[in-house]
Engineer: 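There's a structure below that I have some questions on.
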Amino acid sequence: MDATSGSGPAGALLLCGAEPDAVRPAAPLLRERLLLAPAGVRSGRSGKSGSTERWSVLVPEGRPWLEAGEPVDRVLAGWATALAVGVSWPVLALWWDADWAGFTLASGFRRQVGYVWLADGTPAGEDEAMRTFAARLGLDPVLDMEALEALTRPDPEAEARTRLLGVIAVLSRSGLTLPAGLTPGEPAARLREAALARPDTEPVEWQGRCDAVRTEQGTAEGRPAGPSGSMGPAGPWTRGPGARVLVAAQLAAGVPLALWGLRRRSGGWAFAGAVLVAQGALGLAYDRMCAVRMRARHR
């Protein structure tokens with residue numbers, strides 16, 4: 001079912017399984033005013049280089065559901081998909097409004113998985129979704145799964161906000177540490193106020209097509225895309241044969257997704273498809289430009 005903006009406080013958080021330096025280049029493609037902050041270390045996980053992976057949180061301004069009336073769950077599902085395609089880290093979208101609350105997990109090109117609760121905490125999802133959720137995040141199959149399964153059972157004392165806090169509690173065992181004030185159930189304005197109060201929070205905004213091209217150029221040539229010297233969101237997948245495979249996948253997934261979103265009048269899914277098409281087109285254009293440069297250098 002679709003959540004609507006309702007009359008109550010709607011809000012959302014995007015939890016990214018990577019450090020801010022890795023999230024920063026990808027986030028502007030959402031074309032939403034965002035605040036980016038670190039949110040802990042993913043304990044027990046390390047990258048290919050042996051470095052510890054981290055959590056980051058993106059706090060959206062919320063214009064699609066606050067001003068345009070888009071269902072917050074659809075918007076967040078689209079954003080999570082757009083962010084997760086072409087990167088090696090997962091994106092977990094938490095959302096809530098007056099009638100519903102839930103989460104959506106996106107990871108690469110795999111099918112999304114999520115769960116929803118009514119405002120009073122009544123479970124409205126599938127048990128299998130929780131098992132898939134735990135497996136994809138590498139959570140403990142016994143202790144963490146037991147806690148997650150408890151969230152799928154009726155509990156007259158647990159409202160939707162409490163259910164989301166339960167999800168956060170499970171993830172905290174894996175190192176997630178949400179900054180103070182970034183609590184599920186709060187309205188978007190209050191979340192941004194809390195994020196801005198932290199010295200390690202930074203704004204992330206869409207700067208236009210040229211900004212996107214600069215990001216693609218930096219990653220394709222192996223130059224840092226972020227101010228701290230990190231590679232772009234897709235690393236080696238932004239050049240050579242790997243880039244062409246990724247570009248083809250982005251275009252193949254983006255075009256039908258955008259058309260499906262338009263037919264369903266779903267701005268979130270249509271936007272996700274448009275982002276995939278834009279990323280694919282930029283990657284294709286730059287891959288061709290790099291090929292021309294390489295031929296010129298070898299003349």
Engineer: Out of curiosity, does Val167 fall in the hydrophobic cluster containing Leu165 (side-chain heavy atoms, cut-off under 4.5 Å, transitive links)?
Structural biologist: no
Engineer: Measure the spacing between OG of Ser174 and CG of Leu139 and express it to the nearest 0.5 Å.
Structural biologist: 5.0 Å
Engineer: Less than 3.5 Å apart, which donor and acceptor atoms pair up between the side chains of residues 146-158 and the rest of the protein, not counting sequence neighbours?
Structural biologist:
unit_1	atom_1	unit_2	atom_2	d
Thr152	OG1	Glu149	O	2.6
Asp155	OD1	Glu157	N	3.0

Engineer: If you measure from CZ on Arg24 to CG on Leu58, what distance do you get to the nearest 0.5 Å?
Structural biologist: 11.0 Å
Engineer: Taking the side chain as every heavy atom from C-beta outward, state whether Ile168 and Leu15 have any atom pair closer than 4.5 Å.
Structural biologist: yes
Engineer: Would Phe103 and Phe133 satisfy side chain to side chain contact (heavy atoms under 4.5 Å, CB included), going step by step from the backbone distance to the final call?
Structural biologist: CA-CA 10 Å; Phe103 66 80; Phe133 171 74; 3.5 Å; yes
Engineer: Could you tell me whether Glu159 and Arg161 make a salt bridge, using a distance below 4.0 angstrom between a side-chain N and a carboxylate O?
Structural biologist: no
Engineer: Is the shortest heavy-atom distance from the side chain of Leu13 to the side chain of Val59 under 4.5 Å?
Structural biologist: yes
Engineer: To the nearest 0.5 Å, tell me how far Arg33 CZ sits from Arg192 CZ.
Structural biologist: 8.0 Å
Engineer: Can you list the steps and then say if Asp144 with Arg173 is a salt bridge (charged side-chain N to carboxylate O under 4.0 Å, His left out)?
Structural biologist: CA-CA 8 Å; Asp144 290 341; Arg173 301 174 183 174; 2.9 Å; yes
Engineer: Using the ring pair (Phe, Tyr, Trp, His ring centres under 6.0 Å) rule, collect all pairs that involve residues 166-193, keeping only residues at least two apart or in two chains.
Structural biologist: none
Engineer: Run the numbers on Val75 and Trp95 for side chain to side chain contact (heavy atoms under 4.5 Å, CB included), then give the verdict.
Structural biologist: CA-CA 10 Å; Val75 174; Trp95 55 266; over 6 Å; no
Engineer: Please determine whether residues Met130 and Leu143 belong to a single hydrophobic cluster, defined as Ile, Leu, Val, Met, Phe, Trp and Tyr linked transitively by side-chain heavy-atom distances below 4.5 Å.
Structural biologist: no
Engineer: For residues Ala39 and Pro179, report the shortest heavy-atom separation together with the two atoms involved.
Structural biologist: CB-CD, 4.4 Å
Engineer: If every non-hydrogen atom of Trp79 is compared with every non-hydrogen atom of Pro64, which pair is closest and at what distance?
Structural biologist: CZ2-CG, 3.7 Å
Engineer: Any idea which heavy atoms bring Trp89 and Cys16 closest together, and the distance?
Structural biologist: CZ3-CB, 3.8 Å
Engineer: Using side chain to side chain contact (heavy atoms under 4.5 Å, CB included), reason through Trp96 and Leu164 one step at a time and then give a plain yes or no.
Structural biologist: CA-CA 9 Å; Trp96 56 90; Leu164 284 182; 3.8 Å; yes
Engineer: Working to the nearest 0.5 angstrom, can you tell me the gap between Leu76 CG and Leu92 CG?
Structural biologist: 10.0 Å
Engineer: Any heavy-atom pair between the side chains of Trp117 and Thr162 that's under 4.5 Å?
Structural biologist: no
Engineer: How about Trp100 and Leu118: do any of their side-chain heavy atoms sit closer than 4.5 Å?
Structural biologist: yes
Engineer: How close do Ala129 and Val113 get, counting heavy atoms only, and between which atoms?
Structural biologist: O-CG2, 3.3 Å
Engineer: Nearest heavy-atom pair of Leu178 and Leu182: which atoms, and what distance?
Structural biologist: CD1-O, 3.4 Å
Engineer: Please list all pairs meeting salt bridge (Lys or Arg N to Asp or Glu O under 4.0 Å) that have one or both residues in residues 116-129, counting only residues at least two apart or in different chains.
Structural biologist: Glu128-Arg131
Engineer: Closest heavy-atom contact between Leu191 and Ala12?
Structural biologist: CD1-O, 3.7 Å
Engineer: Can you list the steps and then say if Val23 with Val204 is a side chain to side chain contact (heavy atoms under 4.5 Å, CB included)?
Structural biologist: CA-CA 10 Å; Val23 177; Val204 180; over 6 Å; no
Engineer: Say you draw a straight line from CG of Leu94 to CG of Asp73; how long is it, rounded to the nearest 0.5 Å?
Structural biologist: 13.0 Å
Engineer: To the nearest 0.5 Å, tell me how far Arg163 CZ sits from Thr122 OG1.
Structural biologist: 7.5 Å
Engineer: Would you find a donor on one side and an acceptor on the other, under 3.5 Å apart, between the side chain of Glu61 and the backbone of Glu32?
Structural biologist: no
